[in-house]
Amino acid sequence: IEWLQAIPLEPRLTNHTIRLLQSGCFYLHGRDKWYRPCFVMDGRIMADLAKREPEVITEQVFNDMFVFLFRYLKHVLLVPGHIEQWVSICDLNNMSMTSLPRKQILAFGNLCQSNLMYFLFRSFYTHVGWGQRLFYKGVQMFIDNETKAKIVLAEGGAPEGLVSMFHPDQLERRFGGNRPTPTNFWPPYMGQ
């Protein structure tokens with residue numbers, strides 16, 4: 001409750017959070033068959049941005065950007081009593097754990113688990129390498145059972161559970177749909 005009360009009523013974007021939104025690290029794209037909005041994260045873009053612009057890939061910037069997106073989702077894309085959750089897809093691109101900004105991702109995960117867990121319907125992690133699966137086995141003991149039930153790790157890019165939740169025109173090709181990966185990430189594409 002304290003965290004929700006501490007969120008500014010009108011979250012402001014900074015140059016760094018705008019850079020994250022425009023980079024393709026995090027973006028909104030499409031809706032599932034139940035009209036839940038989809039939040040996409042791209043590990044490769046995140047890792048490349050961390051090397052080129054480390055000041056953008058910080059715990060605070062991740063959290064500020066996600067608070068903005070949460071407010072946007074809540075006020076624009078969620079409909080109380082009808083659409084109250086979202087789906088997330090994180091493409092890890094078979095990268096090693098050392099390639100990803102772990103501290104920032106864990107802080108982002110803690111923010112979501114501590115404050116937003118009931119808004120998440122399902123979280124799909126695609127192209128998960130063996131090192132990432134091993135890392136998850138180590139940290140899953142710190143994740144509550146309700147959250148663990150929402151997490152799906154997949155070696156490939158189009159797990160059946162993900163593909164069956166979306167109309168093909170609402171899902172990117174790399175995840176088993178018909179849509180190309182966007183090149184303009186903000187404002188979001190939410191379908192026609």
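Reckoned from all heavy atoms, side chains included, excluding hydrogens, waters and symmetry mates.
The CD1 atom of I151 sits 9.0 Å away from the CD atom of Q140 when rounded to the nearest 0.5 Å. Taken from CZ in R179 to CD in Q170, the straight-line distance is 7.5 Å, to the nearest 0.5 Å. Residue L13 holds its CG atom at 5.0 Å from CD1 of I18, rounded to the nearest 0.5 Å. Here CZ of F166 is found 8.5 Å from CZ of R36. Values are rounded to the nearest 0.5 Å.
Under the 4.5 Å side-chain criterion, counting only non-hydrogen atoms from C-beta, F68 is not in contact with T17. Side chains of H82 and Y35 form no contact here, defined as non-hydrogen atoms less than 4.5 Å apart. Counting heavy atoms from C-beta outward, E172 and V40 have side chains that approach closer than 4.5 Å.
No side-chain donor-acceptor contact under 3.5 Å links R133 to the backbone of A154.
In the hydrophobic clustering of this structure, V79 groups with L120; members are Ile, Leu, Val, Met, Phe, Trp, Tyr whose side-chain heavy atoms approach within less than 4.5 Å, directly or through other members. No single ILVMFWY cluster, assembled from side-chain heavy atoms under 4.5 Å apart, contains both I45 and M95.
No close placement of the F39 and F70 rings is indicated, their centers lying 6.0 Å or farther apart.
Legend: residues meeting side chain to side chain contact (heavy atoms under 4.5 Å, CB included) with V76, ordered by chain and number and at least two apart, are Y72.
Among all heavy-atom pairs drawn from P37 and L73, the shortest one is CG-CD2, 3.5 Å. When all heavy atoms are compared, the tightest approach of H29 to P182 is CD2-CG, 3.7 Å.
Aromatic ring pairs are classed by plane angle as parallel below 30°, tilted from 30° to 60° and perpendicular above 60°; the pair F119 and W86 is parallel.
Taking a cutoff of 4.0 Å between a charged side-chain nitrogen and a carboxylate oxygen, D42 and R174 qualify as a salt bridge.
Under the 3.5 Å distance criterion, with hydrogens and angles disregarded, no donor-acceptor pair is assigned to the side chains of N93 and H127.
In this structure, K33 places its NZ atom where more than 12 heavy-atom neighbours from other residues, nucleotides or ligands lie under 6.0 Å away.
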Residues 155-165 side chain polar contacts: donor-acceptor under 3.5 Å, at least two apart:
residue, atom, partner, partner atom, Å
S164, OG, E160, O, 3.1
S164, OG, G161, O, 3.2

